[in-house]
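Right, one structure below, let's go through it.
Letters A, B, ... mirror the listed sequences (proteins, then strands); counts begin at 1.
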Protein chains: 2
Amino acid sequence: MTSSRATLIQVAERAGVSLASTSRALHGTGASPAMVERVRAAAAELGYSPDATGRSLRMKRTFQVAFAVADIGNPVYVEMLTAIHEVLAPHGYRVVVMSTGHTVASTADLVRSLSSGFVDGLIVSPLRTDDELVTAIMQAPVPVVVIGRSLEQHGIDSVSTDSAAGLGQAVAHLLEIGRRQIGFVNGPLDTTPGAARQRGFDAATSGPAFTGEHAETERADDFTVAAGLEAGRRLLARGGLDAVVAANDLLAIGVIRAAGELGLSVPGDLAVTGMDDTEIGKVFQPSLTSVSLGSAERGRLAARLVLDRVGDGVEPARQVAVGPHLVVRESTAAAPSKEKRAR
Amino acid sequence: MTSSRATLIQVAERAGVSLASTSRALHGTGASPAMVERVRAAAAELGYSPDATGRSLRMKRTFQVAFAVADIGNPVYVEMLTAIHEVLAPHGYRVVVMSTGHTVASTADLVRSLSSGFVDGLIVSPLRTDDELVTAIMQAPVPVVVIGRSLEQHGIDSVSTDSAAGLGQAVAHLLEIGRRQIGFVNGPLDTTPGAARQRGFDAATSGPAFTGEHAETERADDFTVAAGLEAGRRLLARGGLDAVVAANDLLAIGVIRAAGELGLSVPGDLAVTGMDDTEIGKVFQPSLTSVSLGSAERGRLAARLVLDRVGDGVEPARQVAVGPHLVVRESTAAAPSKEKRAR
DNA sequence: CCATTTTCTGGAAACGTTTCCAGATCCTGT
DNA sequence: ACAGGATCTGGAAACGTTTCCAGAAAATGG
């Protein structure tokens with residue numbers, strides 16, 4: 001309907017003052033009250049609103065931050081996105097969502113695409129972190145914050161969590177409620193979370209601190225419900241387990257479904273824990289005992305880091321960490337009566 | 001690390017040719033092979049990549065499309081976002097996510113914020129559609145596509161679905177499997193989907209076509225699991241129902257949890273249907289019988305509409321509709337033996 | 001071999017904004 | 001009343017790109 005947007009030049013003409021004064025008046029910097037009044041009026045009459053592109057070009061600021069993620073369907077990333085949005089929006093920043101899954105060959109390519117300068121900063125949560133990605137991040141023309149592995153040695157800002165320790169908490173909880181035969185359904189080992197969680201499980205089930213009797217791992221192809229269902233079937237078919245730790249809430253749900261197929265009740269016959277403490281886990285039946293890795297909190301922190309960087313950005317790289325903590329819900333409970341409850 | 005990005009001017013100097021020729025060479029339009037070669041080499045040496053802002057200013061195109069939504073946590077919108085992304089990315093468009101929930105006073109304000117021209121188009125899925133919003137959309141300086149109510153009379157592109165008919169399908173299914181006492185858990189009536197679904201339920205349970213015995217409605221404060229749980233408690237406490245239609249998968253999950261609290265089994269004692277056919281409904285236990293409204297499809301269609309508009313955009317407004325269809329899963333089954341199965 | 005078209009190139013303008021700089025006006029203190 | 005400063009204003013440049021225009025060079029046709 002509106003033919004074309006009004007420009008600052010038109011406002012200046014309408015107000016009968018110079019372009020420079022017009023700009024100043026609208027920003028309230030060093031303009032007389034009379035001038036401000038005139039310009040405001042002219043701007044209002046024309047329905048002026050400043051053009052983001054022109055301003056960006058001049059100010060060398062786009063007021064946009066990108067959030068890049070492998071699979072936006074994963075509830076963890078949705079939580080992060082929400083948190084990032086909440087922190088950035090009040091500062092006038094928009095959030096551009098980039099999916100590395102389908103459009104760009106690799107996360108490194110995506111980081112390199114920043115060189116076109118459409119964004120003031122990037123928050124990325126990569127599944128895999130290789131040298132190519134690290135190099136791309138270090139050469140990026142805008143601040144990049146990584147959610148995932150700590151990259152302190154490369155001078156890259158990062159927000160991490162100790163998912164290995166989180167796995168330890170899950171195992172400890174299962175032992176405490178009297179479980180002894182513990183299975184682990186992990187995602188792909190060549191991913192950052194997959195590797196860390198495997199380390200955590202192995203550590204928790206190997207040393208003398210492990211009071212259980214048996215521990216075994218089954219690997220799912222992906223961090224999804226479908227992959228968890230398949231891996232769960234394979235693992236449970238072998239029998240003999242009274243608890244399963246899943247590397248993920250989605251995998252945990254898959255495992256519970258597999259248990260259902262085999263007629264095992266959860267938590268009666270089988271206790272199951274997840275990880276990430278997602279919304280979907282909370283509403284699932286049974287609700288999931290899950291290790292929270294503070295997704296929202298990590299998103300918030302990442303947003304703050306990138307906000308600090310785009311301000312001045314000369315300070316050294318910072319690493320922040322969010323500690324994991326276990327949230328106990330319905331999917332785990334004391335082992336049936338045949339074993340007495342551990343202290 | 002990189003001090004500052006190379007500009008086209010620097011490439012031109014390096015290649016020893018004019019700025020104009022440099023631009024043409026890189027675009028392959030009307031430049032001699034020798035020129036192209038020289039410029040390409042210079043650009044490669046300097047690691048040049050064109051600046052998005054400068055290009056946007058000149059071309060009056062940002063190559064960005066906004067997707068605005070009340071609550072990005074709702075899985076329906078995540079599905080739409082994914083679909084939109086998949087359609088737009090291959091055409092070189094980025095997607096900017098805007099949440100109307102926490103940052104902007106109203107959706108109308110958000111639409112008005114488009115006047116700063118940071119985006120070439122908008123896809124919006126408003127919960128409520130009032131005159132203010134319609135006006136804002138009609139005055140918007142860029143094409144807007146609405147996912148939700150059809151706005152043909154205002155000349156606004158829209159993608160709609162017939163959720164009232166969808167509700168009819170759910171009720172018909174319940175009657176067919178022998179349910180007779182049907183409850184409805186709806187969201188707020190002053191929202192577009194809330195109103196449409198109420199209409200659908202009332203129509204399906206009032207005429208002579210309704211072969212059931214009883215129908216009643218309970219309203220939840222919001223389209224969330226928590227609100228569904230509360231509304232479900234209120235509804236089921238009154239007793240006497242053998243089926244519940246929920247306006248939403250999230251509400252349906254809340255209802256199933258409420259049923260669980262009261263010792264009712266689903267689908268044995270109570271059949272429950274959802275709507276939206278979300279991923280979470282598929283993996284829930286019991287998996288949800290749900291009316292698919294084609295969320296991904298609607299997202300795709302909206303993206304195509306906006307893509308057509310930013311191309312030339314002089315064609316008349318278009319309305320596309322996606323038909324609802326019921327997907328039967330575990331949460332509904334034939335009524336227990338006391339009643340014989342209806343034809 | 002000249003006239004005409006085609007191909008290619010460089011200068012310059014334009015997109016809309018912010019901000020530096022210099023000049024003008026006003027006020028203040030002595 | 002006048003020097004000095006503070007306050008305000010307008011001209012102009014700059015950000016990085018694309019594209020119009022005109023002119024030069026090359027190719028084509030007779």
Tell me, which pairs form a side chain to side chain donor-acceptor pair (under 3.5 Å) where one or both residues lie in residues 33-43 of chain A, sequence neighbours left out? none
Can you measure B/F118 atom CZ to C/dG16 atom C1' for me and round it to whole angstrom units? 17 Å
Mind calculating the distance between CD (B/E37) and P (C/dC8) to the nearest angstrom? 16 Å
For the CD1 atom of A/I123 and the CG atom of A/D157, what is their distance to the nearest 0.5 Å? 10.5 Å
Which residue lies more 5' along DNA chain C, comparing B/G30 with B/L57 via nearest heavy atoms: B/G30
If you round to the nearest 0.5 Å, how far is CG of B/L57 from CG of A/L57? 5.5 Å
OP1, OP2 of C/dG16 versus side-chain N and O of B/K60: anything below 4.0 Å? yes
Rounded to the nearest Å, what distance is computed from the CE atom of residue A/M35 to the C1' atom of nucleotide C/dA24? 13 Å
Checking side chain to side chain contact (heavy atoms under 4.5 Å, CB included) between B/E132 and each of B/D130, B/V134, B/T129, which is the one that passes? B/D130
So the side chain to side chain donor-acceptor pair (under 3.5 Å) pairs with at least one residue in residues 57-68 of chain B (sequence neighbours excluded) are A/Q64-B/Q64, B/R61-B/Y93, B/T62-B/D120, B/Q64-B/R94
Across nucleotides 17-24 of chain D, 5' to 3', mark each nucleotide with B, S or - according to how protein heavy atoms within less than 4.0 Å reach it. BBBB----
Euclidean distance, A/Y77 OH relative to A/I147 CD1, rounded to 0.5 Å: 9.0 Å
